[in-house]
Amino acid sequence: MVTSFRKKVYDVVKKIPKGKILTYKEVAEKVGRPKACRAVGSILNKSVGWRKGIPCHRVVRSDGNIGGYNKGEKTKVYLLEKEGVIIQKRKVVR
DNA sequence: AATGAGGCCCTAA
DNA sequence: ATTAGGGCCTCAT
């Protein structure tokens with residue numbers, strides 16, 4: 001399999017249904033690197049999947065905290081709420 | 001509850 | 001080939 005880590009991440013994130021979210025750890029596990037949670041974030045930020053159609057705003061931290069976003073946390077929260085995700089006190093309701 | 005420190009993994013230049 | 005950075009995670013104090 002020539003699938004790069006990055007590609008897997010894209011695929012997983014792309015497959016996140018609307019109104020749903022995943023944590024970096026979940027994604028990392030799905031791609032086969034439970035400890036690459038950091039890499040996932042890095043990829044989503046640098047590779048900026050959103051430019052390729054990757055809703056990186058649907059990925060949050062394992063604590064339910066929002067984490068970060070290229071455009072800022074607020075934008076992320078806003079987008080999430082728009083998609084149907086409920087945010088409570090800076091955290092996501094799973 | 002908040003902070004510090006360490007650990008693991010990737011991408012880009 | 002190497003360096004530096006990063007949207008993290010978890011434990012301990």
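Each chain gets a letter, A, B and so on, in the order its sequence line appears, and its residues count up from 1.
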Using a cut-off of strictly less than 4.0 Å between a heavy atom of the residue and any atom of DNA chain C, enumerate the qualifying residues of residues 24-37 of chain A by number. A/Tyr24, A/Lys25, A/Cys37
Is A/Lys14 reaching over with its side chain to a backbone N or O of A/Gly53, donor-acceptor style, under 3.5 angstrom? no
OG of A/Ser62 to CZ of A/Arg94, rounded to nearest 0.5 Å, is 8.5 Å
CZ of A/Arg61 to NZ of A/Lys25, rounded to nearest 0.5 Å, is 13.0 Å
Identify, residue by residue, the members of residues 57-64 of chain A with a heavy atom below 4.0 Å from DNA chain C, and return them in order of residue number, or none. A/Val59, A/Arg61, A/Ser62, A/Asp63
For a 4.5 angstrom cut-off between non-hydrogen side-chain atoms, does A/Leu80 reach A/Ile87? yes
Identified side-chain contact (heavy atoms from CB on, under 4.5 Å) counterpart of A/Arg6 within the set A/Ile43, A/Leu44, A/Val31: A/Ile43
If hydrophobic clusters are built by linking Ile, Leu, Val, Met, Phe, Trp and Tyr wherever their side-chain heavy atoms come under 4.5 Å apart, do A/Val60 and A/Ile16 end up in the same one? no
Where do N or O atoms of nucleotides 11-13 of chain B meet protein N or O atoms at under 3.5 Å, pair by pair?
{"unit_1": "B/dT11", "atom_1": "O2", "unit_2": "A/Lys46", "atom_2": "NZ", "d": "3.0"}
{"unit_1": "B/dA12", "atom_1": "OP1", "unit_2": "A/Arg6", "atom_2": "NH1", "d": "3.1"}

Could you tell me whether A/Asp11 and A/Lys15 have a side-chain N and a carboxylate O separated by less than 4.0 Å? yes
Just how far is it from atom CG of A/Asn70 to atom NZ of A/Lys46, taken to the nearest 0.5 Å? 12.0 Å
Quick one: side-chain contact (heavy atoms from CB on, under 4.5 Å) partners of A/Leu79, sequence neighbours excluded? A/His57, A/Tyr69, A/Thr75
Which heavy-atom pair separates A/Glu26 from A/Leu22 by the least distance, and what is that distance? CB-CD2, 4.2 Å
Quick one: does any side-chain atom of A/Arg58 pair with a main-chain N or O of A/Val13 as donor and acceptor, under 3.5 Å? no
Please determine whether residues A/Val77 and A/Val59 belong to a single hydrophobic cluster, defined as Ile, Leu, Val, Met, Phe, Trp and Tyr linked transitively by side-chain heavy-atom distances below 4.5 Å. no
What's the CG-P distance between A/Asn65 and C/dT10, to the nearest Å? 13 Å
What distance separates A/Arg90 CZ from A/Asn65 CG, expressed to the nearest 0.5 Å? 6.5 Å
In this structure, are over 12 heavy atoms from other groups packed under 6.0 Å from A/Tyr78 atom OH? no
Reading DNA chain C 5' to 3', how would its secondary structure be written in dot-bracket notation, given Watson-Crick and G-U pairs with both distances under 3.5 Å, brackets [ ] for crossing pairs and | for partners on other strands? .|||||.||||||
Which ones in residues 72-94 of chain A lie close to DNA chain C, meaning a heavy atom under 4.0 Å from one of its atoms? A/Lys76
Determine the minimum heavy-atom distance between A/Glu73 and A/Gly67, stating which atoms define it. CG-O, 3.1 Å
